[in-house]
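Along the sequence shown, residues are numbered consecutively beginning with 1. The figures here come from the full heavy-atom set of this structure, side chains too, leaving out hydrogens, waters and symmetry mates.
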Amino acid sequence: MTEAMVTDGTIALRNLEAQIEGLQPEAALCRAPVDERVRLIDLLALRGSILGTIADYVRAQELADRLVHGAITAAPAFFARAQTRALFHRFADALEDLEVAERLGAAADIVNHERAAVFQGLGRYEEALGIRQEAARRSPSFNSLGALAMLHAESGDAERALHLHAESVRRYGGVSPLPLAVLEFQLGVMCMRKGDLRRAQHHLTAAVRYVPSYAPAQGHLAEVEAELGHAETAVALLYPLATTSDDPDYAGQLARILRYAGRTEDSRRWRQHAAERYDELIARHPEAFADHAAEFWLGVGGDPDKALRLAKLNFEVRRTPRACELLHQASLATNSRERNFYQCPAAVPRSGAAR
């Protein structure tokens, strides 16, 4: 499929940086209007998702907390805090903030859009599906169809996700490459988890083509390249990320690939780096990083008992199929008798899917 004609990804990222820099000074002094501070929170979260910078998420959360305390009757403040709480997998708190925002007058369709994202994060796919389908029925746009595509991608319905992806891109009328890159990334992750490595490579490469600095896309592309036997390509992709990012996932993946490539000393160094950072993040934001930390300790981290504790926490927070599978693998690794006590949720049903 032909890619959409959009702004160069490097230029788009510079524009994003400029917008953030322009809003920061007044927001830091709490002098900016509520809408400008909400805008800054949104932009920080967006930059964090593209560059893989946890510090941006933390800053967005701090600003949202401060905003609510200073504007307790402003619906946008509670809506912004709901979004930042969801970023850190504080889903129950996010749903409470969305209820408050709705009572204070936030538009129902905007609140429901975010509520569906929270339901999706929790693994409550059928509830998310109802909202996403209704939005796509009322207004079949890039945003509504793309959100529905990402829901089906996460729940494992590749055929439906790919169909909706094509339809959403056809309707895209913007010039920013960022939304398109995010959609390609989600599809790449879906294909990777289903074992379709060539298709995963295609979508993740497209995401990086749209935005060359898209760190999560580069990281997952490195995983795919390693699985395809291209270890040196994977290391070349991961090394800059592991060196500069405050997200330990890249260092952990680099350690794993280096170990399999026989570079034991290099692997040990990056494993230690990732382990220390995961311990820091779990101490501060346990719900948000339990899943990736559990995967790390289950693999190159080499501590299945620690992995099991984190996998249990992750499953209690979000009962997705992936969380269930992670818990199952950790239980097997520790010979835990609890492995059969958990019931995995079903994927989004195909019947009644929006056409």
J.: Does one hydrophobic cluster hold both Tyr57 and Phe79, with members joined at side-chain heavy-atom distances below 4.5 Å?
T.: no
J.: Do side-chain atoms of Gln19 reach the backbone of Leu40 as a donor and acceptor pair under 3.5 angstrom?
T.: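 Looks like no, no N/O pair under 3.5 Å.
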J.: Please report the shortest heavy-atom distance between Pro216 and Ser49, naming the atom on each side.
T.: CG-O, 3.4 Å
J.: Below 4.0 angstrom, N of the basic side chain to O of the carboxylate: do Arg14 and Glu17 qualify?
T.: no
J.: Got a donor-acceptor contact below 3.5 angstrom from the His202 side chain to the Arg198 backbone?
T.: no
J.: Kindly determine whether His152 and Leu129 satisfy side chain to side chain contact (heavy atoms under 4.5 Å, CB included), including the steps that lead there.
T.: CA-CA 9 Å; His152 282 289; Leu129 179 63; 3.9 Å; yes
J.: Compare every heavy atom of Ala75 with every heavy atom of Ala106, then report the nearest pair and how far apart it is.
T.: N-CB, 3.8 Å
J.: Answer whether the closest heavy-atom distance between the side chains of Phe88 and Val58 falls below 4.5 Å.
T.: yes
J.: Any link between Val182 and Val118 through a network of hydrophobic side chains (Ile, Leu, Val, Met, Phe, Trp, Tyr) touching at under 4.5 Å?
T.: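 They do not share one cluster, since no chain of ILVMFWY contacts under 4.5 Å joins Val182 to Val118.
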J.: Can you confirm whether Gln24 sits close enough to Leu44 that some side-chain heavy atom of one is under 4.5 Å from a side-chain heavy atom of the other?
T.: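 In short, these two side chains touch, coming nearer than 4.5 Å.
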J.: Mind listing the closest non-hydrogen atom pair of Asn112 and Ile131 along with its distance?
T.: O-CG2, 3.4 Å
J.: Please verify the inter-ring angle class for Tyr239 with Trp270; under 30° counts as parallel, over 60° as perpendicular, anything in between as tilted.
T.: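 Perpendicular.
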J.: Do Leu310 and Tyr278 come close enough that some side-chain heavy atom pair is under 4.5 Å?
T.: no
J.: Rounded to the nearest 0.5 Å, what separates atom CG in Asp93 from atom CZ in Phe91?
T.: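 Here the rounded value is 11.0 Å.
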J.: Between Val38 and Ile110, is there a shared hydrophobic cluster once you connect ILVMFWY residues whose side-chain heavy atoms come closer than 4.5 Å?
T.: no
J.: Testing the basics here: between Ala71 and Ala77, what is the closest heavy-atom pair and its distance to 0.1 Å?
T.: O-CB, 3.9 Å
J.: Looking at Ser141, is its backbone amide N or carbonyl O close enough to the side chain of Ser139 to form a donor-acceptor pair, meaning the two atoms are under 3.5 Å apart?
T.: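 A pair under 3.5 Å: no.
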J.: Please report the closest heavy-atom contact between Asp247 and Gly52, naming both atoms and the distance.
T.: CB-O, 3.7 Å
J.: Output yes when a side-chain donor or acceptor of Arg271 lies under 3.5 Å from a complementary backbone atom of Gly301, and no otherwise.
T.: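 It does hold such a pair.
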J.: Does a side-chain N-to-carboxylate-O contact under 4.0 Å join Arg138 and Asp109?
T.: no
J.: Return yes if a side-chain donor-acceptor contact under 3.5 Å exists between Glu154 and Tyr125, otherwise no.
T.: yes
J.: Once you round to the nearest 0.5 Å, how far does CG of Leu258 lie from CG of Asp266?
T.: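 Reported to 0.5 Å precision, the distance equals 5.5 Å.
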J.: Kindly say whether Ser331 contributes a backbone atom to a donor-acceptor pair with the side chain of Thr334 at under 3.5 angstrom?
T.: yes
J.: Can you give me the closest heavy-atom contact between Val6 and Gly174, atom names plus distance?
T.: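 Where Val6 meets Gly174 most closely, the heavy atoms are CG1-O, 4.1 Å.
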J.: I'd like to know if Glu265 and Arg269 make a salt bridge, using a cut-off of under 4.0 Å between side-chain N and carboxylate O.
T.: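 No.
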J.: Is any side-chain heavy atom of His220 less than 4.5 Å from a side-chain heavy atom of Glu223?
T.: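 Contact flag for His220/Glu223 side chains = yes.
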J.: Just how far is it from atom CD1 of Ile257 to atom OG of Ser267, taken to the nearest 0.5 Å?
T.: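 Going from the CD1 atom of Ile257 to the OG atom of Ser267 covers 10.0 Å.
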J.: Say whether Leu238 and Leu221 are linked into one hydrophobic cluster, either directly or through other cluster members, by side-chain heavy-atom distances under 4.5 angstrom.
T.: no
J.: Using 4.0 Å as the upper bound for N to carboxylate O, is an ion pair formed by Lys306 and Asp279?
T.: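 Answer for the salt bridge query: yes.
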J.: Going by side-chain hydrogen bond (donor to acceptor under 3.5 Å, both in side chains), Arg115 matches just one of Glu99, Glu102, Glu127. Which one?
T.: Glu102
J.: OG1/Thr10 to CG/Asn15 distance, rounded to the nearest 0.5 angstrom?
T.: 11.0 Å
J.: Would you check, one step at a time, whether the test side chain to side chain contact (heavy atoms under 4.5 Å, CB included) holds for Leu51 with Ser213?
T.: CA-CA 7 Å; Leu51 298 182; Ser213 300; 3.9 Å; yes
J.: Check step by step if side chain to side chain contact (heavy atoms under 4.5 Å, CB included) holds for Val169 and His165.
T.: CA-CA 6 Å; Val169 171; His165 162 257; 3.7 Å; yes
J.: Salt bridge check, Glu167 against Arg171: does any charged N sit closer than 4.0 Å to a carboxylate O?
T.: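 Here Arg171 pairs with Glu167 in a salt bridge, since their nearest N and O are under 4.0 Å apart.
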J.: Indicate yes or no: does Arg209 engage Glu184 in a salt bridge with an N to O separation below 4.0 Å.
T.: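 Looking at Glu184 together with Arg209, the answer is no, because their closest N to O distance does not fall below 4.0 Å.
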J.: Quick check: do His292 and Glu295 have side-chain heavy atoms less than 4.5 Å from each other?
T.: yes
J.: Is there side-chain contact between Asp196 and Met190, with at least one heavy-atom pair below 4.5 Å?
T.: no
J.: Does some side-chain heavy atom of Ile41 sit less than 4.5 Å from a side-chain heavy atom of Gln83?
T.: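 No. Closest side-chain heavy atoms not under 4.5 Å.
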J.: For a 4.5 angstrom cut-off between non-hydrogen side-chain atoms, does Phe142 reach Pro179?
T.: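 The answer is yes; the side chains approach within 4.5 Å.
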J.: Please evaluate residues Leu204 and Phe185 with respect to the criterion side chain to side chain contact (heavy atoms under 4.5 Å, CB included), reporting the C-alpha separation (whole Å), side-chain torsions for both, the decisive distance (0.1 Å), and the verdict.
T.: CA-CA 5 Å; Leu204 292 168; Phe185 168 71; 3.8 Å; yes
J.: Less than 4.0 Å between a side-chain N and a carboxylate O, is that true for Arg85 and Glu287?
T.: no
J.: What about Leu298 and Phe315, same hydrophobic cluster or not, with Ile/Leu/Val/Met/Phe/Trp/Tyr joined at side-chain heavy-atom distances under 4.5 Å?
T.: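 Shared cluster, no.
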